[in-house]
Amino acid sequence: MPSIKTTLAACVTSAALGLPAFAAAQEYTIGVSIPAATHGWTGGVNYHAEEAKERLESLYPDISFTISTAGNPGEQANDLEDLVSLRDIDALVILPFESGPLTDPVRRVKEEDIFVTVVDRGLTQDGIEDLYVAGNNHEMGRVSGEYIHDRLDGEGNVVVLRGIPTVIDDERVEGFQSAIEGSDIEILDMQHANWNRDDGFEVMQDFLSRFDDIDAVWAQDDDTALGVIEAVRQAEREDELFIVGGAGMKDIIKRVMEGDELVPVDVLYPPAMIATAMDLTVQHFVSNGPVVGEYILGSPLITEDNAEQYYYPDSPF
């Protein structure tokens with residue numbers, strides 16, 4: 001990256017030749033590292049990353065993106081090394097596959113004086129990234145818990161399907177627990193289902209075999225919710241409980257729109273946040289204002305009354 005003195009000299013030269021100052025604009029490469037489309041939500045992340053790349057490269061010819069996808073934490077750590085050594089990136093936008101295994105690799109990127117934006121799954125150490133972009137995970141859990149609390153009048157049995165062991169999973173569970181604290185709602189069990197449909201099916205089958213009285217299921221994620229729905233239907237227990245997922249998958253939103261009693265609501269957590277992160281990272285290079293800190297999206301409750309505004313039938317998720 002050129003020094004300030006070099007950049008000023010280039011601008012002076014441009015002025016002397018009668019050229020506009022922006023002719024000497026610095027070119028930047030932004031690396032985007034995201035999980036592979038292993039389930040619906042990350043499929044949406046991949047879709048929105050590619051859409052944002054095309055849009056931003058058209059708007060800013062001096063900025064280019066390189067997107068890498070990884071199927072596991074080790075592969076993603078290797079991708080980061082390649083982005084730094086082979087692509088010579090000026091900034092990194094990363095949605096970590098898992099928080100713990102990616103914390104040290106991201107720290108090593110930051111030590112190369114590279115601007116770092118972390119998306120969704122926070123690192124296990126504070127202060128590494130320059131910018132953090134995410135949905136409001138604590139709020140997502142709290143909104144889900146409040147709905148279940150109110151729907152059950154503060155009394156009943158609930159099972160919880162957690163996500164992948166990450167900071168955001170912890171935040172969601174903390175928010176959920178805070179919403180039902182002090183009530184007579186009992187969490188019968190909590191198990192990780194990894195935000196995965198098949199795992200959701202298996203965990204819910206286990207819950208149904210062990211618990212005769214379940215009033216509500218917090219699935220936390222819409223992919224997981226689809227697995228839960230199938231397990232509940234196979235057990236023929238649809239009339240005994242209801243399910244609250246989260247993210248805004250079009251299949252779940254459609255159920256909410258149609259008044260499905262098994263899935264009465266959803267809580268928004270949009271995969272398009274990767275595009276927000278890419279937009280803000282670009283602004284670090286093109287804006288004269290600071291782009292650091294946290295950018296947290298809202299997590300509204302999606303009901304039959306407002307579901308239509310969140311329904312995008314052409315979306316992959």
Side-chain angles (χ1 to χ4, degrees), residues 1-11 13-14 17 19-37 42-71 75-97 102 105-121 123 128-134 270-293 295 315-317:
M1 190 176 296
S3 65
I4 295 175
K5 186 178 295 185
T6 302
T7 304
L8 289 173
C11 291
T13 302
S14 297
L17 294 174
L19 298 175
F22 60 76
Q26 171 72 39
E27 293 184 357
Y28 299 102
T29 300
I30 299 174
V32 179
S33 176
I34 53 181
T42 52
V45 169
N46 279 252
Y47 171 81
H48 288 292
E50 293 289 349
E51 290 284 300
K53 176 182 187 297
E54 181 177 347
R55 172 175 53 82
L56 290 167
E57 287 182 343
S58 176
L59 285 171
Y60 303 101
D62 295 316
I63 292 179
S64 61
F65 287 86
T66 179
I67 298 175
S68 62
T69 61
E75 184 179 340
Q76 190 171 32
N78 291 335
D79 287 344
L80 296 189
E81 292 182 5
D82 290 344
L83 288 171
V84 174
S85 62
L86 301 180
R87 300 289 184 174
D88 194 25
I89 59 172
D90 301 287
L92 170 68
V93 178
I94 179 169
L95 197 163
F97 200 99
L102 271 302
V106 174
R107 182 192 295 109
R108 289 193 290 271
V109 172
K110 183 58 190 169
E111 287 171 353
E112 297 295 324
D113 197 27
I114 291 170
F115 186 89
V116 172
T117 298
V118 172
V119 185
D120 181 45
R121 302 170 191 175
L123 304 175
I128 295 175
E129 73 274 6
D130 299 282
L131 177 65
Y132 178 59
V133 177
M273 67 176 67
I274 190 68
T276 303
M278 292 165 69
D279 279 313
L280 291 171
T281 302
V282 167
Q283 292 308 306
H284 169 70
F285 297 108
V286 303
S287 171
N288 65 340
V291 183
V292 293
Y295 190 97
S315 168
F317 177 75

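What you see below is based on every heavy atom in this structure, not just the backbone, and it leaves out hydrogens, waters and symmetry mates.
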If every non-hydrogen atom of A91 is compared with every non-hydrogen atom of I114, which pair is closest and at what distance?
-> CA-CG2, 3.6 Å
Separation between OG1 of T42 and CZ of F97, rounded to the nearest 0.5 Å = 8.0 Å
Quick one: pull up CG in L95 and OG1 in T69 and give me the separation to the nearest 0.5 Å.
-> 12.5 Å
Over all heavy atoms of both residues, which pair between Y60 and Q283 is shortest? Give the atoms and the distance, please.
-> OH-NE2, 3.3 Å
How long is the gap from CD1 on I34 to CD1 on I94, to the nearest 0.5 Å?
-> 10.5 Å
Check: V116 main-chain N/O paired with D130 side-chain donor or acceptor under 3.5 Å | yes
V291 and T281: side-chain contact (heavy atoms from CB on, under 4.5 Å), yes or no, with the steps?
-> CA-CA 7 Å; V291 183; T281 302; over 6 Å; no
L102 and A77: which non-hydrogen atoms are nearest, and at how many Å?
-> CD1-N, 4.0 Å
Answer yes or no: is there a donor N or O on one side and an acceptor on the other, between the side chain of N46 and the main chain of P35, under 3.5 Å?
-> yes
Please assess E129 against V106 for the test side-chain contact (heavy atoms from CB on, under 4.5 Å), listing each intermediate value before the final yes or no.
-> CA-CA 8 Å; E129 73 274 6; V106 174; 5.8 Å; no
For E54, does the CD atom sit with more than 12 other heavy atoms under 6.0 Å from it, leaving out its own atoms?
-> no
Value for CD (E27) from CG (D90), rounded to nearest 0.5 Å, stands at 10.0 Å
Atom pair CD/CD1 of E57 and I30 - distance to nearest 0.5 Å = 9.0 Å
Not counting sequence neighbours, which residues clear side-chain contact (heavy atoms from CB on, under 4.5 Å) with R108? List them please.
-> D104, P105, E111
Does E51 pair with R55 as a salt bridge, N-O distance under 4.0 Å?
-> no
Could you go step by step and tell me if S68 and L83 meet the side-chain contact (heavy atoms from CB on, under 4.5 Å) rule?
-> CA-CA 9 Å; S68 62; L83 288 171; 4.0 Å; yes
Are any of the side-chain heavy atoms of V93 and I274 separated by less than 4.5 Å?
-> yes
Please examine the side chains of V119 and T276, heavy atoms only from C-beta on, and report whether any two atoms are closer than 4.5 Å.
-> no
For P271 and F317, work out which heavy atoms get closest and say how close.
-> CG-CD2, 3.8 Å
In Å and rounded to the nearest 0.5 Å, what is the CG to NE2 distance from L131 to H284?
-> 10.0 Å
Can you see which heavy atom on A275 is nearest to which on A52, and at what distance?
-> CB-CB, 3.9 Å
Student check: side-chain heavy atoms of K53 and V32 closer than 4.5 Å | no
So do the side chains of V282 and L59 get within less than 4.5 Å of each other, counting heavy atoms only?
-> no
Heavy atoms from other residues, nucleotides or ligands near CG of D82 exceed 12 (cutoff 6.0 Å) = yes
R87 atom CZ, over 12 foreign heavy atoms within 6.0 Å | no
